[in-house]
Structures are given as C-alpha cells and as structure tokens.
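Here is the structure we will look at.
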Amino acid sequence: AGYRTFGNTTYWGSDLGLTYAVNQDFSLFGNFSMVNQTDFDANDLGEDPNSGLTYSLNIPKNKFRLGMVYAPITGVRGNLAFQHDDSFNAAFGQYSGATDVKNLVDAGIGYKLESGLSVDLTCTNLFNSQYRAFVNMPIIGRRAIAKLTYTFGGK
C-alpha cells in the first residue's frame, strides 16, 4: 500500500519575510506565506470527473507571523510574536476535515550574564488558545519551557 499518484497539478505560491533592525538590540519581523490552491478535484487531477477523487496539500492557503525581538549581548532579553494560520481542508485519513484557525501569541523573556550563563523562559500559545493541528488529533494548548544555558568563553 502507498500513496496514490495523480497526473500533473498546477498551483503557485509565495513566501515573503522581512526583518527590520531598529538598532543593534531590537528588531521587528514579519513573514507571510500563501498558495493559490490547496484542494484539487478530479478535473484538476486529470481523472474521471465522476470518480469523486480529491487531493489536498494539507496546508493553509494563507499564514503569517509578526513579532519583535529584544536581544542585547548581555542583560534582559525578550521576544513577542503573533501567528495566524487559516483553516484548511485536510485529507489525511482519519484526520480529515476542516482544521482549526490558529491565532497564537508566543512570548519569551530571559537574562544573559557576561560569564556566558543564560536563563530563558519561553511560552508558545501564551493565551492557551486551544486548537487541533488536524481533526481527531490531540488538543494543543499553552507550552512553557525554561532553559538554562552556558556558553564557554563568556559572551
């Protein structure tokens, strides 16, 4: 058993990413990804129109992320970001169906000593917006990670 292959399909997309360094320590960023088509019917696949065959890329048509990073060589550092992913139709066996829209806020704060020791706390999905990556998958909520790092040689 394996994946079914079809004839040629045509679609296009683009990715755009920008980072603006306000100064040596502070930057703003944004990225955007899109594709013009994510679902293909039998006609698109070059199959018999009565076959009912469909194919999905299993990705959203549009998604973007905006944020800021404050990261001096030493001292307090932090980041904040917002991510949006459109809902999309997944065709993935028992995980098929419309996925949840994602609107997530991620944040992090940390401190780096001149000795090379750093402590960081990051939180993905800060406001605990519950969603599933695919239908019938586990619910994803907030995730927080604390990290202690030592860089040999100091800075």
Keeping [X] on the side-chain end and [Y] on the backbone end, is there a donor-acceptor pair under 3.5 Å?
X	Y	answer
Asp86	Pro60	no
Asp100	Arg132	yes
Arg65	Gly30	no
Thr99	Ser87	no
Asn125	Gly141	yes

Open item on the list: side-chain hydrogen bond (donor to acceptor under 3.5 Å, both in side chains) for Asp106 and Thr124? Distances and angles first, verdict last.
Closed with: CA-CA 5 Å; Asp106 302 335; Thr124 304; 4.6 Å; no
Rounded at 0.5 Å granularity, tell me how far [atom1] in [X] sits from [atom2] in [Y].
X	Y	atom1	atom2	value
Tyr111	Thr74	OH	OG1	6.5 Å
Thr122	Arg143	OG1	CZ	7.5 Å
Leu117	Tyr150	CG	OH	8.0 Å
Ile140	Ser129	CD1	OG	12.0 Å
Leu121	Leu148	CG	CG	12.5 Å
Ser96	Asn58	OG	CG	7.5 Å

TODO: For the pair Phe26 and Tyr70, name the ring-plane relationship: parallel under 30°, tilted 30 to 60°, perpendicular over 60°.
DONE: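 Ring orientation of Phe26 relative to Tyr70: tilted.
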TODO: Look at the rings of Phe92 and Tyr95 and say which category their plane angle falls in: under 30° parallel, 30 to 60° tilted, over 60° perpendicular.
DONE: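 Tilted: the ring planes of Phe92 and Tyr95 meet at 30° to 60°.
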Task: Member of Thr10, Thr54, Leu53, Leu57 meeting the side-chain contact (heavy atoms from CB on, under 4.5 Å) criterion with Phe40 - done: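 Result for side-chain contact (heavy atoms from CB on, under 4.5 Å) with Phe40: Leu57.
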[X] and [Y]: same hydrophobic cluster, using ILVMFWY side-chain contacts below 4.5 Å?
X	Y	value
Phe88	Met137	yes
Phe127	Leu104	no
Val135	Tyr131	no
Met34	Phe82	yes
Ile59	Phe32	no

Task: Ser56 and Asp39 side chains, donor-acceptor separation under 3.5 Å - done: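 Checked: Asp39/Ser56 side chains pair up, N/O donor to acceptor below 3.5 Å.
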Do the side chains of [Y] and [X] get nearer than 4.5 Å, heavy atoms only?
X	Y	answer
Val69	Arg77	no
Ile73	Asp25	no
Phe64	Leu66	yes
Val105	Leu80	yes
Thr38	Asn89	no

Open item on the list: Which residues pass the salt bridge (Lys or Arg N to Asp or Glu O under 4.0 Å) test with Asp44, not counting sequence neighbours?
Closed with: none
Open item on the list: List the residues meeting salt bridge (Lys or Arg N to Asp or Glu O under 4.0 Å) with Asp85, not counting sequence neighbours, and say none if there are none.
Closed with: Lys102
Open item on the list: side chain to side chain contact (heavy atoms under 4.5 Å, CB included), that's the test. Do His84 and Val101 meet it? Break it down for me.
Closed with: CA-CA 8 Å; His84 169 81; Val101 172; 3.7 Å; yes
Open item on the list: Please give the remaining members of the hydrophobic cluster of Ile139, linking ILVMFWY side chains under 4.5 Å, ordered by chain and number.
Closed with: none
Open item on the list: Testing the basics here: between Ala42 and Ser51, what is the closest heavy-atom pair and its distance to 0.1 Å?
Closed with: CB-OG, 3.6 Å
Task: Considering all heavy atoms, the nearest Asp120-Gly110 contact - done: OD1-CA, 3.3 Å
Task: Gln24 atom CD: more than 12 heavy-atom contacts under 6.0 Å - done: no
